[in-house]
Amino acid sequence: MKIFSVEQIQNWDAFTINKEGILSINLMERAAVACFDWIVQSFDESYCFKIFCGKGNNGGDGLALARLLNSIKYQVSVFIPHNNKPGSPDFEENLKKLKKTSVHISVLQNENSFPSISEKDIIIDALFGTGLNKPVKGFYKEIIGYINANSNDTIAIDVPSGLYVDKSTITENEDVSIIKADYTLTFQNQKLAFLVAENEPYTGKVVFFDIELSKDYEASTPTPFEYIDDSMIKGIYQPRKNFVNKGNYGYASLLCGSYGMMGAAVLSSLACLRSGAGKLTSVVCEAGYGIMQTAVPEAMCMVSGEKHIGNFDDFQHFDVVGIGPGIGKFKSHVKLLENLFKSFKRPIVIDADALNILSENEELYSSIPVDTIITPHPKEFERLFGKSTSDFDTIDKAIETAKEFRIYIVLKGHHTLIATPDGKGYFNSTGNPGMATAGAGDVLTGIITGLLAQKYSPLQSCLLGVYLHGLAGDIAAEGLSQEALIAKDIVENLGNAFKEIQET
Ligand SMILES: NC(=O)C1=CN([C@@H]2O[C@H](COP(=O)(O)OP(=O)(O)OC[C@H]3O[C@@H](n4cnc5c(N)ncnc54)[C@H](O)[C@@H]3O)[C@@H](O)[C@H]2O)[C@@H](O)CC1
Ligand SMILES: [K+]
C-alpha cells in the first residue's frame with residue numbers, strides 16, 4: 001500500500017472527482033457513512049455524541065456524520081468554533097442539510113461556551129484533517145486542551161486534529177496542541193504520521209476505511225513510502241517447486257554466539273532453517289559447539305575460537321553469511337569483519353554486536369558489500385549514524401544512509417522501516433509489543449539470512465522477512481498473550497505464518 005504526502009492525498013481526491021465523475025460532496029458522504037457504520041457497530045444509543053467541527057472538509061465530514069447519527073436517533077450535538085470566514089463549499093452544503101434536522105448546533109465564542117461533558121459522552125474530533133497548514137494556536141488550542149482534559153473516548157476523523165500527516169509535529173521547544181484520540185478513523189491509505197513512535201500518544205487505535213478513491217491514481221503515482229501489506233507479500237512469496245533438493249534452497253551460514261550467549265546463536269540458526277534455507281552451517285566458538293549440535297541438529301557446525309569466534313575466513317562455500325547474534329564485542333572481531341568484507345562479495349546480513357563493532361570502526365563502512373542488509377534497533381542505529389531530532393529525521397537519515405552505502409537498513413521498531421539503496425522506505429504492518437523480548441532480533445537475522453539463501457532478492461528478503469517475523473509473533477501472541485511471548489515462540493510459529501501467507 002502506498003503512503004502518500006498531503007499534496008498527493010489532495011491530488012488523489014481531485015483526480016477521483018475529475019476522472020471518475022464523482023462529486024466531492026459524494027466523496028464526503030462516503031467518508032461519513034464509513035465512520036457512521038463503524039460508530040454504530042461500536043457504540044449503542046445510550047451514548048451521546050459531541051462533534052467538534054472546523055470549517056474545512058474535515059468539519060464537513062463531522063457535519064455529515066452528525067446528520068447520519070441523528071437519522072437513527074442517536075443523541076448528537078455539534079460545536080463549531082467561531083470564525084468569520086465561510087466554510088469550505090462542502091462544509092456549507094452539509095451545514096445547510098444539518099440545519100434541517102433536530103441536531104443542536106452551537107457556535108463556540110469563547111471558553112465559557114464550551115459544553116459540559118458527562119460520562120456517556122463520546123467526543124468526535126472533526127476540527128482539522130489533512131488540511132492543517134500551521135501549528136494550532138489561540139482559541140483552537142484551548143478547544144483541543146479542553147477535549148484532552150476529559151477522559152471520555154475521543155474519536156478523531158481522518159487525523160487527530162493538530163497532527164501533520166507527513167512531517168513531524170513535535171518540536172522540542174514548543175508546547176504542541178494535538179488531539180489525543182482513542183480512535184482515529186482514517187480514509188483510504190496508511191499515513192506516515194501514524195507509523196512513528198513520537199505520535200503514539202495522539203492516534204490511539206487507527207481504523208482504515210476504503211472510500212474507493214481512484215485505483216489508477218494510486219497505481220500511477222510514485223511515492224517514496226509504502227506499507228507492507230498482504231498483497232505485496234503475496235507478490236513476493238514463491239511456493240516451493242516439486243523437483244527439488246536442498247541444493248535448490250541455498251547454503252546459508254551464521255557467525256553467531258559466544259560463551260554465555262549461545263541462546264542467540266541457537267535462535268538465529270533455528271529461524272534460518274525454519275525460513276526454508278536448504279542447509280546451514282553455524283560458525284561458533286568451541287564453548288558453544290556442544291550446545292549448537294544438540295539444540296540445532298539440523299545445522300552443521302564449524303568451530304573457530306575458544307570462547308568467542310576467532311579470525312574465521314573460510315567463507316567461500318556459502319551463498320549467504322549472517323553475522324552478529326550473540327558474538328559479543330571483542331577486539332578480534334574487527335579483523336573478522338575485515339576478512340568477511342574482503343573475501344565475501346555477496347550481500348551479508350549484519351546484526352547485533354557486529355553492528356556495534358562496526359559503529360566503533362567507521363572506516364569499515366565503505367567496504368560493506370553492496371546490497372548488504374543491516375538490522376539495527378534504534379539505539380544501534382544511533383550508535384552507527386548519530387542522533388536524530390525526530391522520528392521523521394530518523395526516517396530521512398536511514399534512507400540517505402542506505403543510498404550512500406548502497407545497503408538495506410532494517411530499522412527495527414513497532415513498524416519496522418526498511419530503507420533501500422534506491423531511496424525508498426517500507427514500513428511493516430505485522431508484529432506486536434510482545435516481540436520486544438530478548439532474542440527476537442536474532443530470530444529476524446536468521447529469517448532474513450535464510451530467505452537470501454533461497455535467492456529471494458535482498459529487498460524481497462527484507463520485506464518477506466520482517467513481515468513473516470511479525471506475523472509469527474502475532475500468531476504466537478494470540479495464543480500466549482504478548483507478555484508471555486518469548487523469541488522461541490516466534491520461531492515455532494514461523495510455519496503458521498507461512499501457512500497464512502499461502503492461504504491469502
Ligand atoms: N482527501 C480525501 O480523500 C477526502 C477528504 N475528506 C476530508 O477532508 C479533509 C481535508 O479537508 P480540507 O483540505 O478542507 O482541510 P481541513 O478540514 O483539514 O482544514 C482546513 C481548514 O482549516 C484551516 N487551518 C489549517 N490549519 C489551521 C490551524 N492551525 N489553525 C486554524 N486554521 C487552520 C485552513 O485554512 C482551512 O480553512 C480530510 O482530512 C478528510 O477529513 C473527506 O471528506 C473525503 C475524502
Ligand atoms: K480531525
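Just so you know, these numbers come straight off a predicted model, no measurement behind them. Every number for a ligand or one of its atoms is a count from 1 in the order of the listing.
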- Task: Verify the distance criterion only: is there a donor paired with an acceptor across the side chains of Asn70 and Ser102 at less than 3.5 Å?
- Result: yes

- Note on the structure: Residues pairing under ring pair (Phe, Tyr, Trp, His ring centres under 6.0 Å) where one sits in residues 81-135, two or more places apart or in two chains, turn out to be Phe114-Phe139, Phe114-Tyr146, Phe128-Tyr140

- Lys167 charged N/C atom sitting above Tyr164 aromatic ring, 6.0 Å / 45°: yes

- Taking both backbone and side-chain atoms of Asp158, is any N or O found less than 3.5 Å from an N or O belonging to ligand 1? yes

- Query: Hey, looking at atom 12 (P) of ligand 1, which of Val6, Leu132, Asn57, Asn189 has the closest heavy atom?
  - Reply: Asn57

- Message: My understanding is that we take every heavy atom of each candidate and find the minimum distance to atom 29 (N) of ligand 1. Doing that for Lys85, Lys134, Lys55, which one comes out nearest?
- Response: Lys134

- Note on the structure: So the atoms of ligand 1 within less than 4.0 Å of a heavy atom of Gly56 turn out to be 14 (O), 17 (O)

- Note on the structure: The answer for which part of Ala126 has a heavy atom under 4.0 Å from ligand 1 is neither

- Does ligand 1 have a heavy atom under 4.0 Å from the side chain of Trp12, from its backbone, from both, or from neither? neither

- Any non-hydrogen atom of Ser24 lying under 4.0 Å from ligand 1? no

- Query: Between Asn133 and ligand 1, which part of the residue brings a heavy atom under 4.0 Å of the ligand: side chain, backbone, both or neither?
  - Reply: both

- Message: How far is atom 1 (N) of ligand 1 from the closest protein heavy atom, and which atom is that?
- Response: Asp13 OD2, 3.2 Å

- Give yes or no for whether the N/O distance cutoff of 3.5 Å, strictly under, is met between Leu213 and ligand 1. no

- Query: Is it the side chain, the backbone, both or neither of Ile211 that has a heavy atom closer than 4.0 Å to ligand 1?
  - Reply: side chain

- Item | Distance-only side-chain donor-acceptor flag, Lys120 / Ser46, under 3.5 Å | yes

- Item | the K ion (ligand 2) to nearest N/O/S of Ile157 less than 3.4 Å | yes

- With sequence neighbours left out, what residues match Phe79 under ring pair (Phe, Tyr, Trp, His ring centres under 6.0 Å)? Phe52

- Message: Considering non-hydrogen atoms of the protein only, which is the closest contact for atom 17 (O) of ligand 1, and what is the distance?
- Response: Asn58 N, 2.9 Å

- Message: Taking only non-hydrogen atoms of Val159, do any sit less than 4.0 angstrom from ligand 1?
- Response: no

- Message: Is Asp125 close enough to the K ion (ligand 2) that one of its N, O or S atoms comes in under 3.4 Å?
- Response: yes

- Query: Are any N, O or S atoms from Val159 nearer to the K ion (ligand 2) than 3.4 Å?
  - Reply: yes

- Item | Inter-residue atom distance Leu480.CG - Glu492.CD, 0.5 Å rounding | 9.5 Å

- Query: Got an N, O or S from Phe128 under 3.4 Å of the K ion (ligand 2)?
  - Reply: yes

- Message: Are Tyr74 and Tyr47 an aromatic pair, judged by ring center distance below 6.0 Å?
- Response: no

- What orientation do Trp12 and Phe4 show, parallel under 30°, tilted 30 to 60°, or perpendicular over 60°? perpendicular

- State, without any angle test, whether Ser161 and Asp125 hold a side-chain donor-acceptor pair at a distance under 3.5 Å. yes

- Nearest to atom 33 (C) of ligand 1 by heavy atom, Phe209, Phe187, Phe128: which? Phe128

